[in-house]
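To find a chain, count down the sequence lines: A is the first, B the second, and so on, and within it residues start at 1.
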Amino acid sequence: MISDRVRVRFAPSPTGYLHVGGLRTALYNYLFAKKNNGSFILRIEDTDRARFVEGAVENLIDTLKWSGLTIDEGPGNEGAYGPYTQSERLSIYQEQTQKLIDSGNAYYCFCSKQRLEEMREERKEQGAQPVYDKHCLHLSKDQIKSNIDSGLPYVIRLNVKPGEKIYVNDLIRGNIEFDSSTVDDQVLMKSDGYPTYHLANVVDDHLMKITHVIRGEEWLPSTPKHVLLYKFFGWEIPGFAHLPLLLNPDRTKLSKRQGDVAVEDYRSKGYLKEALINFVALLGWNAGDDREFYYLSELVENFSLERVNKAGAVFNLEKLDWLNAEHLRAKDNADLLKLLRNELKINPEVEDDFTDEYLVQVIEAMRERVKFVKEIVDTGIYFFTPPVNYDEASVAKNWKSDSAVNLSLLNEKIAELENPVKDDFENALRHAAVELSTGAGKIIHPLRIALSGVSGGPGVFDIAYILGKEECMRRIKRAIDKLG
RNA sequence: GGCGCGUUCGUCUAGUGGCUUAGGACGCUGCCCUCUCAAGGCAGAGAUCACGGGUUCGAAUCCCGUACGCGCUACCA
């Protein structure tokens, strides 16, 4: 047994940002770990120096932290099996590779890029698998030594014996059979001394006592290489679970070209982390019932690898928006107040000099009407600054020739009110309507325009109450002046 | 081309041989509520379960084949 305790890892490469597909992979790893009282480990796979992006690791960790997926071991949070950054583990890979060379399961290769290309081309034409032809496998010790001494660049390759069956037992897909003849003599060590993913992930997973490898489906075809490596090393094979892909609307692998793929994009657009996590969890997994709303802790309780789907799932924004609204409404005023303050802070159109009491009233008026916190500011802008102009369609529909007269009387009534509450505004308006022998609606709609500039939103008396007597009177007067 | 994986409403999905005239959710449409917009409630449209063969008294569910889609096929991960 590898370990009694479940240990899983999320192993991204720091190429810029956290992809939403990566977030889901991280999430499923996290859920599986927590459900089984295990550890969730972050490992940075930075073995490709050409693709390294400055600041990417920090960004990755920051985004993961924002999402609430706390790691038990990882860079900056060293456990017993570090370091957790592969570029800091080079000597380990070298040492392990030497074992493979000594046992004949790996070998030096000095082939040039050009020869490799020509060989692959030829094989493809013949309709054969474009795998390496083992040209360097039979080099003598002396030849190898003299090649190395003369400074010839080389790589170390995996020595795959053809004609054997390799079985991968996937926790989601069941038993999968591969023919070793279709498995390439994969490069294990690159000529720059860095390992490839295949070598590094097997070595690290073993050394870090990883019990389950939960990763994207794109890794399924290379899993036989990994299984072979475990065998050659004489190590126990961990459980594999290959997750279905996240898809673009055209059902290709989710990519940048067809929309936002970075978690930080969604974060900056104002999506709640609760909603993103909830949404992404449901893309490929469900508990077997009709439940759709989950908090992270509830996902942990209910998660199981057995219930992960096999087919890819389209990343559908409409449902994400709905879930965002659901989570927003589930939040209490204190949480929303914090979020609203943040929005006000970054909005150049408004000055945040409002009291908590005022903002909480706005929140209660708006929470049922928005999907995003920032919408409270965007569509409820009149709570923060008086309307500068009035929505044309609304004016055309509801501002009639008698509106100015009606509102003038209303303003007189409001002037008489002392510390009015919501009902006082309503009573004032209804009294005005009676005096004018008109329907309340004839005044309500113009009042709404005067106060907010638009025709939608919270109840007009709620708006009036929140704005307060003086501000209402100012806005009514202004509307009469401007709209006549 | 080769290898692998997959295929239930537009989308996410339930369904593991009879409970299924295939259920839910998002979105869409209509109605109710109503000062507006939402929210909420109700109703509706929407899937011959990719196709073709089997197995079985009975198949979305098991088997085989085909098609289509996707992934992989690097000294990238």
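Side-chain rings of A/Y154 and A/Y108 approach one another, their centers coming within less than 6.0 Å. Here the two rings, on A/Y197 and A/W219, have centers that are under 6.0 Å apart.
Ring-plane geometry between A/H327 and A/Y295 is classed as perpendicular, the angle between the planes exceeding 60 degrees on a 0 to 90 degree scale with a lower cut at 30. Between A/F240 and A/H242, the two ring planes are parallel [angle under 30°; tilted spans 30° to 60°].
Contact annotation for A/G441: no contact, since no heavy-atom pair falls under 4.0 Å across all strands. At the heavy-atom level, A/N309 lies under 4.0 Å from the strands shown only through sugar-phosphate atoms.
One atom, CZ of A/R215, and another, C1' of B/C72, lie 12 Å apart when rounded to the nearest Å. The interatomic distance linking A/K190 (NZ) with B/A74 (P) rounds to 14 Å, in whole Å. In this structure, A/D184 places its CG atom 13 Å from P of B/C76, rounding to the nearest Å. The separation between A/R173 atom CZ and B/G71 atom P is 14 Å, rounded to whole Å. Across the protein-nucleic acid pair, A/D192 atom CG and B/C76 atom C1' stand 12 Å apart, rounded to whole Å.
Between A/P12 and A/W285, the residue whose closest nucleotide on RNA chain B is further toward the 5' end is A/W285.
When both pairing distances are held under 3.5 Å, B/C37 makes no Watson-Crick or G-U pair with any nucleotide shown. The partner of B/C70 is B/G4, judged by Watson-Crick or G-U wobble contacts that both fall below 3.5 Å. In this structure, B/A43 and B/U29 make a Watson-Crick or G-U wobble pair, each of the two defining distances being under 3.5 angstrom. Across all strands shown, nothing is found opposite B/U55 as a Watson-Crick or G-U wobble partner with both distances under 3.5 Å.
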**Report entry** Evaluation steps, salt bridge (Lys or Arg N to Asp or Glu O under 4.0 Å), between A/K442 and A/D402
**Finding:** CA-CA 9 Å; A/K442 288 274 192 294; A/D402 60 352; over 6 Å; no

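Within residues 248-262 of chain A, the residues that place at least one heavy atom under 4.0 Å from RNA chain B are, in residue-number order, A/R251, A/T252, A/K253.
Interface remark: the A/T182 side chain does not form any donor-acceptor pair with the B/C3 base, using a distance-only criterion of under 3.5 Å. Checked by distance alone, A/R369 brings a side-chain donor or acceptor within 3.5 Å of a matching partner on the base of B/C37.
Comparing B/G6 with B/G24, their C1' atoms sit 23 Å apart, to the nearest whole Å.
A/D260 has a carboxylate O that lies under 4.0 Å from a charged side-chain N of A/K269, or vice versa, which qualifies the two as a salt bridge.
Side-chain atoms of A/S394 and A/N398 include no donor-acceptor pair closer than 3.5 Å.
Annotation: side chain to side chain contact (heavy atoms under 4.5 Å, CB included) contacts of A/L152 (sequence neighbours excluded): A/F110, A/N147, A/S150.
In this structure, A/R24 is positioned above the aromatic face of A/Y28, its NZ or CZ under 6.0 Å from the six-membered ring centre and within 45° of the axis.
With B/C35, B/A14, B/U7 as the candidates, the nucleotide lying closest to the side chain of A/N286 is B/A14.
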Could you write out each protein N or O paired with an N or O of nucleotides 22-28 of chain B at a distance under 3.5 Å?
from	atom 1	to	atom 2	distance (Å)
B/A25	O4'	A/E292	OE2	2.9
B/A25	O2'	A/E292	OE2	2.9
B/A25	N3	A/K319	NZ	3.1
B/C26	O2'	A/E318	O	3.4
B/C26	O2'	A/K319	N	3.3

